[in-house]
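Down below is the structure, laid out as structure tokens.
What you are looking at is a predicted structure, and each value in this text was computed from that prediction instead of being measured.
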Amino acid sequence: MPELPEVETVRLGLEPRLLNTKILSASLVDAKPHKKYKDLELSVGQSIKAVKRRGKFLILKLSGNLDLIIHLGMTGVLAFEPFEKHTRVKLEFANENLYFQDLRRFGRFLVVPAGNYQSMPTLHHMGPEPLADAFNPKQFHKALKKTQTAIKTYILSQRPVAGLGNIYVDEALWRAKIHPKTAANKLKKAKAHALVPIIKEILSASLEAQGTTLNDYRTVEGDSGEYAAALQVYGRKGLSCHRCAKKIERIVVAGRGTHICPNCQKLF
DNA sequence: CGCATTTCCTGGTAGC
DNA sequence: TGCTACCAGGAAATGC
């Protein structure tokens, strides 16, 4: 599913084609106006002045002091060629159209006043970008002190750091030898510190591979990401841990399928 | 406020 | 074979 490397790959594909183009029409296709598809008509006649990303959200900065916010959810795909099925949104430009496909309708596509994210709590309270200097060991350790929530759950909340979803959080915790149920404020300082460069390395490597394609995710050009081959725990239930050869297990944390090596990741 | 649980949504698949 | 039940999960809503 689209997490930071996937969304950034999509952003890079969109930017050169959307910059300084005018939205001629914005229409819902097999979707009704809803909290997740809102105020699209306000984007009509506006020009796209920047194509940004914050965590897993794409933010198109529009000329009329508006932001067009796109979240790919689990199955969202953007492309300039029409899809056969599950198209939800079509944006028309002078020379081409942008289509949004979303099989399971977990995605969002909405227009808000620029920078006004009050109605989007996750975006509003989002932590630092993981590849930026603001995400550093000292600050991360400080953030983890704020709650006793399980470390995996807290990272998924986007508050201590932005952009990680179920795949990369499992990968990072395995690399750092941290059990996902460890209370955030109980994590040893050394472990918290170690997790920071690990997160940066995993996300950078995945971005280099254009992300992880398991099922739906595609680049704007329709290509698959190649990072799936590098996954160490996610989707490897019953297979051998690449570090100690014990079998990878699948547990549930905060209602999410969670992959761990029971030998490398002990809960203290 | 903090934290846990439920909801949304649909194609694939396990089980009978 | 054909049906039902359940699973996947990001973010918001709801519950306590």
**Study point:** A/Glu6 CD - C/dG9 P separation (whole Å)
**Key:** 14 Å
Review point. Has A/Gln158 got a side-chain N or O lying under 4.0 Å from the OP1 or OP2 atom of C/dG10?
Key: no
Check your understanding: Could you state the CE-C1' distance from A/Met120 to C/dG10, rounded to the nearest angstrom?
Key -> 12 Å
Check your understanding: Between A/Tyr227 and A/Tyr168, what is the ring plane arrangement, given parallel below 30°, perpendicular above 60°, and tilted in between?
Key -> tilted
Point to revise | Separation of atom CZ in A/Arg54 from atom P in C/dA11, rounded to whole Å | key: 12 Å
Point to revise | Salt bridge flag under 4.0 Å for residues A/Arg218 and A/Asp223 | key: no
Practice item. Report the residue (A/Ala150 or A/Arg104) whose heavy-atom-nearest nucleotide on DNA chain B is the more 5′ of the two. Key: A/Ala150
Review point. Salt bridge check: are A/Lys56 and A/Glu3 linked by an N-O gap of less than 4.0 Å?
Key: no
Study note, to complete from the structure: Under a side-chain separation threshold of 4.5 Å, the hydrophobic residues clustered together with A/Ile69 are A/Phe57, A/Ile59, A/Leu110, A/Val112, A/Tyr117, A/Met120, A/Leu123, A/Met126
Point to revise | Residues A/Tyr217 and A/Asn215: side-chain donor-acceptor under 3.5 angstrom | key: no
Practice item. Give one of base, sugar-phosphate or nothing for A/Tyr234, where a contact means two heavy atoms less than 4.0 Å apart. Key: sugar-phosphate
Exercise for review: Could you check whether A/Arg256 gets within reach of a base, just the sugar-phosphate, or nothing at all, counting any heavy atom under 4.0 Å?
Suggested key: base
Check your understanding: Would you say a side-chain N or O of A/His71 is under 4.0 Å from OP1 or OP2 of C/dA11?
Key -> yes
Practice item. Identify whether any heavy atom of A/Thr147 sits under 4.0 Å from a base atom; if not, whether one sits that close to sugar-phosphate; answer base, sugar-phosphate or nothing. Key: sugar-phosphate
Practice item. Whole angstrom is fine here: how far is it from CG in A/Leu58 over to P in C/dG10? Key: 16 Å
Check your understanding: First and last nucleotide of DNA chain B in contact with chain A, 5' to 3', at under 4.0 Å to a heavy atom: what are they?
Key -> B/dC3 to B/dG11
Revision key, fill the gap. Partner of A/Arg53 under salt bridge (charged side-chain N to carboxylate O under 4.0 Å, His left out), picked from A/Glu6, A/Glu15, A/Glu129, is A/Glu129
Check your understanding: Want to settle it: does A/Ala254 or A/Arg159 sit nearer the 5' end of DNA chain B, counting the closest nucleotide to each?
Key -> A/Arg159
**Study point:** Flag for A/Thr122-A/Gln158: side-chain donor and acceptor within less than 3.5 Å
**Key:** no
Practice item. Rounded off to whole Å, could you give me the CG-to-P distance for the A/Leu123 and C/dA12 pair? Key: 8 Å
Review point. Between A/Met74 and A/Thr122, which is nearer to the 5' end of DNA chain C once each is assigned its nearest nucleotide?
Key: A/Met74
Exercise for review: Calculate the interatomic distance between A/Leu156 atom CG and C/dG9 atom P; express it in whole Å.
Suggested key: 10 Å
Point to revise | Salt-bridge criterion met for A/Arg105 and A/Asp30 (N-O under 4.0 Å) | key: yes
Check your understanding: Between the two ends of the helix from B/dG2-C/dC16 to B/dC16-C/dG2, what is the bend in degrees, rounded to 10 degrees, where each end axis spans five pairs?
Key -> 60°
**Study point:** Electrostatic pair A/Asp216:A/Arg104 at N-O distance under 4.0 angstrom
**Key:** no
Review point. For A/Leu164 and C/dG9, what is the distance between atoms CG and P respectively, to the nearest whole Å?
Key: 15 Å
Exercise for review: Provide, to the nearest angstrom, the distance between the CZ atom belonging to A/Phe109 and the C1' atom belonging to C/dA11.
Suggested key: 18 Å
Exercise for review: Could you tell me whether the side chain of A/Arg175 and the main chain of A/Glu171 form a donor-acceptor pair under 3.5 Å?
Suggested key: no
Check your understanding: Between A/Phe106 and C/dA11, do the rings stack, that is, sit under 5.5 Å apart with planes less than 30° off each other?
Key -> no
Exercise for review: Would you classify A/Tyr154 as touching base, sugar-phosphate or nothing, given that sugar-phosphate means primed atoms plus P, OP1 and OP2, and contacts are heavy atoms under 4.0 Å?
Suggested key: nothing
